[in-house]
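Some notes on the structure that comes next.
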Amino acid sequence: MLFVIAFSANAQHEEAHVEETKLSTQDTEKLERKEYIKHHLLDSYSFNLFSYEKDNGETAHVGFPLPIILIDGGLQVFSSSKFHHGETVAENNGNFYKLDHNKIYKTDAAGTIEYDEHHHATNEKPLDFSFTKGAFMILLTCILMFWLFTSLAKSYVKNGGISKGFGRLFEPIVLYIRDDIAIPNIGEKKYKKYMPYLLTIFFFIWFLNMFGLTPFGVNVTGNIAVTVALALLTFLITNFTGTKDYWKHIFDPLGDTLPWFGKIPLYIILIPIELLGIVIKPFSLLIRLYANMQAGHIVLGSLIGLMFFFKSWLGSPMSFGLAFAISLIEVLVALLQAYIFTMLSALYFGFASEEHEHHEESPAH
Amino acid sequence: MEKLLNEFSLGLFFWQSVLFICLLLLLRKFAWKPILNAVNEREEGIKDALASAEAARKEMQNLNADNERILKEARAQRDSLLKEAREMKENIISEAKGEAQAQANKVVEQAQATIQAEKQAAITDLKNQVAELSVGIAEKVVRGELADKNKQIKLVEELLKEVTIS
Amino acid sequence: MEIPVMVGAGLVVIGVGIGIGRIGGSAMDAIARQPEAYGKIQTAMLIAAALIEGIGFAALFAV
C-alpha cells in the first residue's frame, strides 16, 4: 500500500506535463480514470451519488448540493448547486466564485482564473468553511453513533443491567477497549478518565472507515484535515493530562544520576529530541491513518478501473476478483486502523499519566 | 509534503473538530458513562453473587459440620446414657441380689437357731421323760424284787460285793 | 520530481519492509515459544511496527 501512494504521487506529477501534449484516446481514457480516482479521494462540495452521460452528451449528476460557507468580507452562505459541479461561476451578494481543482477561488464575473508557471491558480482564496461531503458524512456518523450508543445505554436501564437491541453488538467491543486497550496501557487507576475519548475515537474512525468502503465514495478518514483534527485531540489530551513525572521525563530525563554541570551538554541534544518526540507521536498517528485509508482507496479504485481498462474476458474477471479480495482486506484494515489509532492513543495517554514510582527503586534506570 | 499541505482544508478541519468534540461530550454524558457504569455494576453484581454463593456454600459446609457435630454429641450422649442405665441396672440387680442373700441367710440362721432351740428343748424333755420312766420302772422292778426276803438279802449282798470290789 | 529522491524513498520503504517483517517474524517466534504471553507480545509488536511505519510514511511524504 505504501508503494501505491508513491506511485500515485508520481503519477499525479507526470499528469501535469502530459496534459499539454497531444493525447491518444486511450491515454485520455487513462487520464480520465486517474482524474476520477483522484477526485473520489478528495472532499467535495456536493454529495454526488453517481454521474452518467445523457444522450445529448451532457453529464448528469445524481446527488444533492451542500451549503457553501465562506468568510469573504462577511459570511457568504449559498448552495453548492450554484457551481453546477464546477462548470459555472457562482454569484452571491455581488461576489463571484469559481471551483478549480476542488478549491474555491474568488473571480470576476466571467470566472477567469489565472495560473502561475506551476499550473497553480493565483486568484484570491476566501476562507472556506463550507459544509462539504466529508463534513456531511461526519455529521451522519455522529448522529448514527449518538443514536446507537444512547439506545445501548438506555437498554441497560430498561433491562436491568443487560443490553438489548442492535447496540448489543458493540458491547463486547466496548469491553475489549476497556480491558485490552485502556487498562493495560493506562493502568487500573487512571483509565476511567480516558475511556470516553478512546471509545469515541475507536467507533468514529471505524464507522467512517467502513463508510469509506460503501459505493457512496466518501473518503473521510483518508482526508488529511480529519486525521489532523483527530491526532490534534490526542496530542492535546496527552499533554494536558501529563503528570509531573511526564514533564520531568521530557525536561530532565536523567534525573539525579548526573550532576547539573554534566547534564548541560547532554540536554542541549536530549531535550529537543524529547520535544520533537511529543510532536512526532501524534504526527505519525495522523499520517498512518491518512496514508492507509488513502492507499486502500487508491488500490480499490485502480482495480475497479482496470476492469474497464482490460475489457476482455480474462482481464476483467481477474481484476474483479482482485478488487473483491482487496475489499475484504480493506474491511480488516478499517478495523485495524481504528484499533491502532485507539491503541497508540491509549499508549501515549499511559506515558503521560504514568507515575514513576520505580525511579526511586532503581536509580540506574 | 506539498501534496499534503495542498490537500489540507481548513473548513473540513473546523467541522471535524467541532462535530467530533460535540460528539465526544454528548456521548460521554449520555452513552459512555451509563454504559460503563451499567457494565461495572453488572460485573460487581456478578462478583457479589459469586461471593455470596461462596459464602452460602461455606455456611452450608459449616452447618453440615455443625449438624455432624451435634449428631455425634447426641450419639455420645445416648451411648453414655445407655451405659449409665446399664450400670444402674446392674447395680440395682447386684444390690438386690446381695440384700436377698443377706435376707435369706438371716432367715436360715434364724431357722437354724430355732431348730437348735427346739431340739434342745426336745432333748431335755426326752431326758426328763426317760428319767421318770426309768425311775418308775426301777421302782416297779425294785418292788417286785424286794417282795421276797431272800432276794432282798441276796441283792444287798451282791451290792455289797460290788461296793467292796470297787 | 527527481529520480534520486524517489529511489531514496524506495530504499526507505525497502528498509521499512525488512524492519516490519523482522518484527513480525520475531513476534511469531516469541508467541510460538510463549503462547501465554500472546497479548503482551502483540502489543509490543504493534507499537514497534507502528514506529517504523512512521519512518516509511515520512519518507514517502517527503518525496
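First the proteins, then the strands, lettered A, B, ... as listed; each starts at 1.
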Could you tabulate the donor-acceptor pairs under 3.5 Å formed by side-chain atoms of residues 193-205 of chain A, not counting sequence neighbours?
from: A/Tyr194; atom 1: OH; to: A/Thr241; atom 2: OG1; distance (Å): 2.8
from: A/Tyr197; atom 1: OH; to: A/Leu230; atom 2: O; distance (Å): 3.3
from: A/Tyr197; atom 1: OH; to: A/Thr234; atom 2: N; distance (Å): 3.2
from: A/Tyr197; atom 1: OH; to: A/Thr234; atom 2: OG1; distance (Å): 2.7
from: A/Thr200; atom 1: OG1; to: A/Pro196; atom 2: O; distance (Å): 2.5
from: A/Thr200; atom 1: OG1; to: B/Trp32; atom 2: NE1; distance (Å): 2.9

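- Atom-to-atom distance recorded for A/Leu148:CG and B/Leu27:CG is 9.5 Å, nearest 0.5 angstrom.
- The shortest distance between side-chain heavy atoms of A/Leu175 and B/Glu43 falls below 4.5 Å.
- For the pair B/Leu36 and A/Val174, the minimum side-chain heavy-atom distance is below 4.5 Å.
- Residue A/Lys192 qualifies as open at atom NZ: its count of foreign heavy atoms under 6.0 Å is 12 or below.
- Among the residues in residues 15-25 of chain B, those with a non-hydrogen atom closer than 4.5 angstrom to a non-hydrogen atom of chain A are B/Trp15, B/Gln16, B/Ser17, B/Leu19, B/Phe20, B/Ile21, B/Leu23, B/Leu24.
- Top candidate by heavy-atom pairs under 4.5 Å with chain B, chosen from A/Thr150, A/Val226, A/Thr227, A/Ile143, is A/Val226.
- Scanning residues 48-60 of chain B against chain A with a 4.5 Å heavy-atom cutoff picks out nothing at all.
- For A/Phe146, there are no ring-ring contact (aromatic ring centres under 6.0 Å, His included) partners, not counting sequence neighbours.
- Around the CD atom of B/Glu99, the shell of radius 6.0 Å holds no more than 12 heavy atoms that belong to other residues, nucleotides or ligands.
- Expressed to the nearest 0.5 Å, how far CZ of A/Arg178 lies from CD1 of B/Ile35 amounts to 12.0 Å.
- Taking all atoms of both residues into account, the shortest heavy-atom contact from B/Pro34 to A/Ala153 is CB-CB, 3.7 Å.
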